[in-house]
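Take a look at the structure set out below.
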Amino acid sequence: EKLCRMLFRVYSDKGMFEESIGVFDYMEKSGFKIHDKFCRVLLLSLNKRGQMDMCFSFFQRMVGANVDITVHSMTTVIHGLCKGGNVEKAKDLMEEMVSKGIEPKLLTYNMLINGYCINGTVDKAFKMKAIMEQKGFEPNVFTYNIIAGGLCKLKRYEEAKMWSFAVIKRGFTHDVVTFSTLVNILSKTGNLEKAKLLFESMEKWGVRPNIVTYNTLIDGYRKKGNLEETKRLFEEMEKGGVRPDTTTYNTLIDEYCKKGKMEEAHKLLGHMEAKGVRVDTVTYTALIDGYCKEENLEEANRLSEEMEKRGVRYNTFTYSSLIDGYCKKVKMEEAHKRMGHMEARGLRPDTVIYNSLIDGYCKKGNLEEAKMIFDEMENRGVRYSIVTYSTLIDGYCKIGKMEEAHKLRGHMEARGVKPN
RNA sequence: GGCCUAUUAGCACCC
């Protein structure tokens with residue numbers, strides 16, 4: 001029994017999940033008593049590695065094996081489900097557990113509220129908050145920050161600002177997350193000066209800007225085209241003992257890429273390696289996109305091979321940049337080939353990728369093919385966006401097929417996509 | 001005590 005516990009722990013920790021579950025099976029068959037705390041090692045590990053489905057199904061197995069389920073493991077599973085965009089499933093799970101006498105905690109509710117925010121359904125997040133209050137839980141700083149963040153995702157910055165300021169007004173302890181959120185809101189709404197003032201006054205409130213606060217402000221300045229201030233902040237943070245991280249470098253690399261300064265961007269990649277800063281998918285995607293934009297697909301492909309070799313994962317953005325690169329050059333066969341690759345890896349092409357393809361065919365003057373891609377989106381359940389319609393409408397206009405263009409305008413209204 | 005919250009990368013048109 002002791003050996004099983006040890007094995008289970010090690011397998012779980014190393015991500016050898018089949019083996020972990022094998023041990024679990026054996027323990028169950030042998031009639032060993034299995035505790036909730038013991039199972040949590042696996043739940044947490046599955047969570048960390050994004051294996052939400054397995055996490056959920058293992059939890060079901062725990063229930064089936066009569067493990068003494070606690071709020072802790074329930075909360076872990078809910079966390080995973082929420083992060084994976086499966087809030088409804090998480091909510092159902094919570095309700096099921098409540099019926100078994102397990103009471104959620106404030107943090108459990110916060111996770112669900114966050115889940116709805118991730119989904120972009122803030123109204124449901126508010127409903128969950130109301131339920132939480134009904135149960136006698138007062139919202140805490142996390143709750144407020146989560147809601148402010150959710151509203152930011154929807155670009156509802158004015159409302160977000162109210163929630164962040166409410167933290168300060170309600171006399172909660174001042175929190176660096178609240179301040180960073182506010183710096184972001186101010187910066188994104190064109191009040192970079194105010195953002196800077198807030199940033200500078202933070203210390204007076206007893207809050208020290210951290211890496212995220214710096215990164216937020218740096219992004220604000222570079223998007224405004226103020227490279228001097230961007231660099232100054234970069235140096236200031238290093239002097240102040242806040243070490244630039246992956247996001248900091250990614251932001252700067254993207255800035256150089258957008259300006260077409262690919263050598264500079266590449267140099268920063270070198271700096272990251274020299275300083276031991278982790279390189280990630282965003283780093284490479286920014287670079288790949290930069291090369292694609294200057295139509296240097298050779299270099300873009302070289303980088304994608306490099307990231308493959310280094311074990312940096314591709315995501316939808318990475319493929320999107322490459323596919324768009326091919327579409328802009330009207331190399332449609334190559335674009336399709338890349339789409340095949342991503343699907344083989346279990347990534348579903350999204351709206352943006354389809355938009356690039358449609359644009360490619362439109363630019364080629366092949367509206368039949370463009371329309372076929374459009375229909376394929378429907379069949380595969382990929383949502384149309386305002387860009388999808390604009391692209392295709394533009395395509396029809398350019399070849400003088402005005403009736404088709406008008407038809408699409410009707411189509412979009414029927415779908416509830418508002419013309420801009 | 002720990003666990004939940006903030007920052008960076010992809011698409012059309014116009015400018």
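Keep in mind it's a predicted model, so treat the numbers as computed, not measured. Residue numbers begin at 1 in each chain, while the letters A, B, ... track the order of the sequences.
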Counting only side-chain nitrogens and oxygens, does [X] get under 4.0 Å of the OP1 or OP2 atom of [N]?
X        : N     : answer
A:Lys258 : B:G10 : yes
A:Lys363 : B:C13 : yes
A:Lys188 : B:U8  : yes

Within the structure shown, what part of the strands sits under 4.0 Å from [X] by heavy-atom distance: base, sugar-phosphate, or nothing?
X        : value
A:Ser390 : base
A:Ser180 : base
A:Lys293 : sugar-phosphate
A:Ile353 : base
A:Asn110 : base
A:Lys398 : nothing
A:Ser320 : base
A:Arg222 : sugar-phosphate

With a 6.0 Å cut-off on ring centres, are A:His411 and A:Tyr389 close enough?
yes

Among the nucleotides B:U8, B:A12, B:C4, which one has an atom lying closest to any side-chain atom of A:Asn114?
B:C4

Using the side-chain heavy atoms of A:Thr316, tell me which of these nucleotides is nearest: B:A9, B:C4, B:G10.
B:G10

Please confirm whether A:Lys89 makes a cation-pi placement over A:Phe56, using NZ or CZ under 6.0 Å from the six-membered ring centre and within 45° of the ring normal.
yes

Ring-face cation contact, A:Phe24 with A:Arg61, 6.0 Å cut, 45° max:
no

So if I apply the side-chain contact (heavy atoms from CB on, under 4.5 Å) rule between A:Glu200 and each of A:Lys204, A:Lys196, A:Met202, which one comes out positive?
A:Lys196

Classify the side chain of A:Asn210 and the base of B:A6 as holding, or not holding, a donor-acceptor pair under 3.5 Å.
yes

A:Lys188: side-chain hydrogen bond (donor to acceptor under 3.5 Å, both in side chains) partners, not counting sequence neighbours
A:Asn184

